[in-house]
Amino acid sequence: MLKLFNTLTRRQEVFEPIEPKTVRMYVCGVTVYDYCHIGHARSALVFDVLRRYLEYSGYAVTFVKNFTDVDDKIIKRANEQGVSSGALATKYIQAYHEDMGRMGIRGATEEPRATEHIADIIQLTEQLVNRELAYVVDGDVYFEVSKYPEYGRLSKRRLEDLQAGARVEVDERKRHPMDFALWKSSKPGEPAWESPWGPGRPGWHIECSAMSLRYLGETFDIHGGGMDLIFPHHENEIAQSCGATGKEFARYWVHNGFVQINKEKMSKSLGNFFTIREIFEKSEWSWSEEVTGEILRYFLLSTHYHSPLDFSDQALKEAKNALDGFYDLFNRLHETNESGGEDGGLLQAAAERTRESFHRSMDDDLNTSAAIAALQGLRSEVNKMVDKDLSTSNRKNVRHEFRSLGNILGLFQLDKWQFNPSVPCVGMNVESGMSISSRKTHPILGGQSSWVPTLSDSEVETRIAERREAKKRKDFKRADVIREELKSFGITIEDKPDGTARWKR
RNA sequence: GGCGCCGUACCCAAGUGGUAAGGGAGCAGUCUGCAAAACUGCGAUGCAGCGGUUCGAACCCGCUCGGCGCCUCCA
C-alpha cells in the first residue's frame, strides 16, 4: 500500500487512484532555453522512479510531462542567438532527451509542448473570462485571484500575507497585485498567435492546466514538480483548473527537494549549478573514471526525495564506491560453480526478506535510501553464500532478483562492469595501436594527447593470459609488472583461487 | 513582515514514542606469492543546546543556537 506525502494536506496519505489499477499523473517539465542541471535531473528522476514503482505495482500509468517552449527567457535567448524561439526550444528539448536518456530516465507517455496547444489554452482562458474569473486589459488577460476564495490552499498562504512582503512591482492595470497573466499581448518581434484578445502568447501557468485537461481530464491522480513550483505555479494551476471546471484538479501533489551546492540551492540565478552533461564529463578523482548515469542515479536516490541533497565530488565518489560493491558481487554471480551447493532455501528466504523490506520502504513515500539499504543487506548475505558455496542456478536466480528490484530504481541493469562508459564506443589510435577513450592525461604516458589510450577486451585478455603463465612459472615479478601495466590503463585484476582472474575497468 | 524546511558517528544517510538501519572512508584480523575482492571484528551510553510532558523521547511540546528555502523566473 503506497503512501505519498501530499503537499495539499501536508500529510502522508494512502494512495488510491480514481480508477482502479490506473494512474494518471502530470509532472511539470522544464523551460527549454538551456541545458538541464542536476536539479532538473533529480526532479525527472524522482518521478521516473515513482512511475516505475507504480507500474511495477501493477498500475497502468499515463504520464504527461510538458515542455514550456514559449516564455520571456526563451525569447530573449533566441534573439541573442538570432534564431527563432521555436528552433531554440527544439534544440534544448533534444538535449533534454539526450541527458535524461543517458541517466536512464524513460520518456513520458505524452510530452506536449505549450505551443502545440494554443487552441486549448485560448479555450480555457475564454472559459475563465466567461465565468468572470478573468478580465481583459489591453489585450492581456489576467486571472482575478480575489474571485477564487480557495487561492492559497496549496501553498498555505493568505492573500493578505502575500502582499506584505511582496517584491513584485505592482502593475496598475491589475485589480490585485497577485493577479497573474493567462494571456499576454505580444510586442513586435515576439512570437504571437491570434486570439479573441488580439495577437499574443500564453502566460506560464495556463499551459499546464490546458494540457493536463487535454490528456488527463478534469481530475487526475498525481501532480508533481520541484518544491519551488508550489508557489506560484501550482497554486495558480489549481485556481485556473478548478475555476474553469468547478471540479477537483489533482488529488496528490508531490514535490521534490532541491539539489544544493554547499547547502545552498542550486539555481541559474546564483550561478552555482552543474549541467548534467558537465557532470558526465567530470573525472577529477581519477583519470580513468567517468560519471555514469547509474552513478548519478545512485547518488540522487541515496537521499529521500523530499530532503535537500548536497552535490559534491565526494558524494559522487561515494555513490560510485557503493555501486562498485554491487557490481563486484554481480561479477562473482556470473561465474559458474560446478560443485553446486544446497543453499537454495537460505537464498530464497533472504531474497524474500529483501523484497518485503524493499516494498515496505518504497511504499513509505518512496523511501529510496531505505530501499537501497535493503539491497545492500542482500548483497552482504549473498556474498557470504558465494564464499561458502552457491550453485550456478542460484547465482542466476539472485542476479535476476537484483535486476528486477534494481529496475524500479533504474539500477543494476548492466550485464557487466561498465563504469567507463566510453569504452564500448572507442576509436583506434593508429600510432599506438591502442583504443582510445576518455579525454584526460594518462599518468604514465603523459599529456601529449588529449585522448587517453585504453585497452580493448581482447588486449586485456592477452595480458591476463600472459600473466597467468608467469604465475605458473612462479615469476611473480613479471606477473606484478603486467598487473601494474593494466592498472595504468584503469584495469583492476582479481585473482581467483583456481589461477584464473576476473578483471574490471 | 508572512509561510515553511533542516541540524543523527570522520562523510553520506534511515529511523518520528520503547531504547540508534544501511553505505562510504578508516583501523585490525582471516584468505592470498603479493594485491584485489570477500568475510570477521572495532567505531555515536548518543541523535545542535537547554527545559518540559511521559514509566519511557532522536522522535511530542516550549525556548535558544546554527544552516537553508519560498513569498519574483526557478526542478
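Just so we're on the same page: letters track the sequence lines, and every chain starts at 1.
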Exercise. Please figure out whether A/I372 or A/D71 has its closest RNA chain B nucleotide nearer the 5' end.
Key: A/I372

Quiz item: Taking the side chain as C-beta and beyond, is there a heavy-atom pair between A/T109 and A/R51 under 4.5 Å?
Solution: yes

Exercise. Taking atom P in both B/G51 and B/C10, compute the distance separating them and give it to the nearest angstrom.
Key: 24 Å

Quiz prompt | All salt bridge (charged side-chain N to carboxylate O under 4.0 Å, His left out) counterparts of A/D221, not counting sequence neighbours | solution = none

Quiz item: Heavy atoms under 4.0 Å, any strand shown: does A/V386 hit a base, just sugar-phosphate, or nothing?
Solution: nothing

Practice problem: Quote, to the nearest angstrom, the C1' distance that separates B/C27 from B/U53. | Solution: 43 Å

Quiz item: With A/Y92, which residues qualify under ring-ring contact (aromatic ring centres under 6.0 Å, His included), at least two apart?
Solution: A/Y35

Quiz item: By salt bridge (charged side-chain N to carboxylate O under 4.0 Å, His left out), which residues pair with A/K156, not counting sequence neighbours?
Solution: none

Quiz item: CG of A/L323 versus C1' of B/G22: gap in Å, rounded?
Solution: 15 Å

Self-check item: Nearest-nucleotide 5' precedence on RNA chain B, A/G225 against A/L270
Solution: A/L270

Self-check item: Audit row: A/E207, A/R113, salt bridge (Lys or Arg N to Asp or Glu O under 4.0 Å) steps and yes/no
Solution: CA-CA 9 Å; A/E207 66 178 70; A/R113 297 170 60 152; over 6 Å; no

Practice problem: Kindly write out the residues that satisfy salt bridge (charged side-chain N to carboxylate O under 4.0 Å, His left out) with A/E381, not counting sequence neighbours, or none if the list is empty. | Solution: A/R353

Practice problem: Only counting residues at least two apart or in another chain, list the ones meeting salt bridge (charged side-chain N to carboxylate O under 4.0 Å, His left out) with A/R379. | Solution: none

Self-check item: Whole-Å gap separating C1' (B/G67) and NZ (A/K265)
Solution: 17 Å

Exercise. Go along nucleotides 31-44 of chain B 5' to 3' and tag each nucleotide: B for a protein heavy atom under 4.0 Å from its base, S when only backbone or sugar atoms are that close, - otherwise.
Key: --BBBBSSSS----

Quiz item: Is the A/Y148 to A/Y151 ring centre distance short of 6.0 Å?
Solution: no

Quiz item: What interatomic distance, in whole Å, is found between C1' of B/G23 and the corresponding atom of B/A13?
Solution: 8 Å

Quiz item: What integer distance in Å separates A/N256:CG from B/C70:P?
Solution: 14 Å

Quiz item: To the nearest Å, how far apart are A/K388 NZ and B/U30 C1'?
Solution: 17 Å

Practice problem: Verify the contact: side-chain N or O of A/N321 to OP1 or OP2 of B/G23, cut-off strictly under 4.0 Å; return yes or no. | Solution: no

Quiz item: Does A/H306 have any ring-ring contact (aromatic ring centres under 6.0 Å, His included) partners at least two apart in sequence or in another chain, and if so, which?
Solution: A/F5

Exercise. Would you indicate what A/G257 reaches in the nucleic acid, counting non-hydrogen atoms under 4.0 angstrom: base, sugar-phosphate, or nothing?
Key: base

Quiz prompt | Distance in angstrom units between A/I230 CD1 and B/C70 P, rounded | solution = 11 Å

Quiz item: In whole Å, what is the span from the NE2 atom of A/H255 to the P atom of B/A75?
Solution: 13 Å

Practice problem: Using a heavy-atom cut-off of under 4.0 Å over every strand shown, decide if A/M227 touches base, sugar-phosphate, or nothing. | Solution: nothing

Exercise. Would you mind telling me which of B/A21, B/C71, B/A75 lies closest to the side-chain atoms of A/F231?
Key: B/C71

Quiz item: Residues two or more places apart in sequence or in another chain: which of them pass ring-ring contact (aromatic ring centres under 6.0 Å, His included) with A/Y252?
Solution: A/F15

Exercise. Indicate for each nucleotide in nucleotides 4-17 of chain B, in 5' to 3' sequence, whether protein heavy atoms under 4.0 Å reach the base (B), only the sugar-phosphate (S), or nothing (-).
Key: S------BSSSS--

Exercise. Would you mind reading off the distance between A/N66 atom CG and B/A75 atom P, rounded to a whole angstrom?
Key: 10 Å

Practice problem: Using a 4.0 Å heavy-atom cut-off across all strands, classify A/F299 as base, sugar-phosphate, or nothing. | Solution: nothing

Self-check item: Gap in Å between the two C1' atoms, one belonging to B/G43 and one to B/C5, rounded
Solution: 31 Å

Quiz item: Base, sugar-phosphate alone, or nothing: which one does A/P497 contact when heavy atoms must sit under 4.0 Å apart?
Solution: nothing

Quiz item: Given pairs defined as Watson-Crick or G-U wobble with both distances under 3.5 Å, what dot-bracket annotation applies to RNA chain B, with ( ) intrastrand, [ ] crossing, | other strand and . unpaired?
Solution: ((((((((.[[[..)..(...]]].(((((.......))))).....[[[[[..)....]]]]])))))))....

Quiz item: Say you pick atom P in B/A14 and the same atom in B/G22; how far apart are they, in whole Å?
Solution: 15 Å

Self-check item: No-hydrogen, no-angle side-chain donor-acceptor test under 3.5 Å, A/D140 and A/S185
Solution: yes

Quiz item: On a whole-Å scale, what distance lies between the C1' atoms belonging to B/C31 and B/A36?
Solution: 12 Å

Quiz item: Under 30°, 30 to 60°, or over 60°: which ring-plane class applies to A/F67 and A/Y96, parallel, tilted or perpendicular?
Solution: perpendicular

Practice problem: Using the P atoms only, state how far B/G7 lies from B/G56, rounded to an integer number of Å. | Solution: 25 Å

Self-check item: Rounded distance in Å between the C1' positions of B/U64 and B/A21
Solution: 31 Å

Quiz item: How would you list, by chain and number, every residue that makes a side chain to side chain donor-acceptor pair (under 3.5 Å) with A/S302, sequence neighbours excluded?
Solution: none

Quiz item: With sequence neighbours left out, what residues match A/E494 under side chain to side chain contact (heavy atoms under 4.5 Å, CB included)?
Solution: A/D328, A/R502, A/K504

Quiz item: Can you find a donor-acceptor pair, distance only, under 3.5 Å between A/R158 side chain and B/C3 base?
Solution: no

Exercise. Identify whether any heavy atom of A/R157 sits under 4.0 Å from a base atom; if not, whether one sits that close to sugar-phosphate; answer base, sugar-phosphate or nothing.
Key: base

Quiz item: Between A/N262 (CG) and B/G69 (P), how many Å, whole number?
Solution: 12 Å

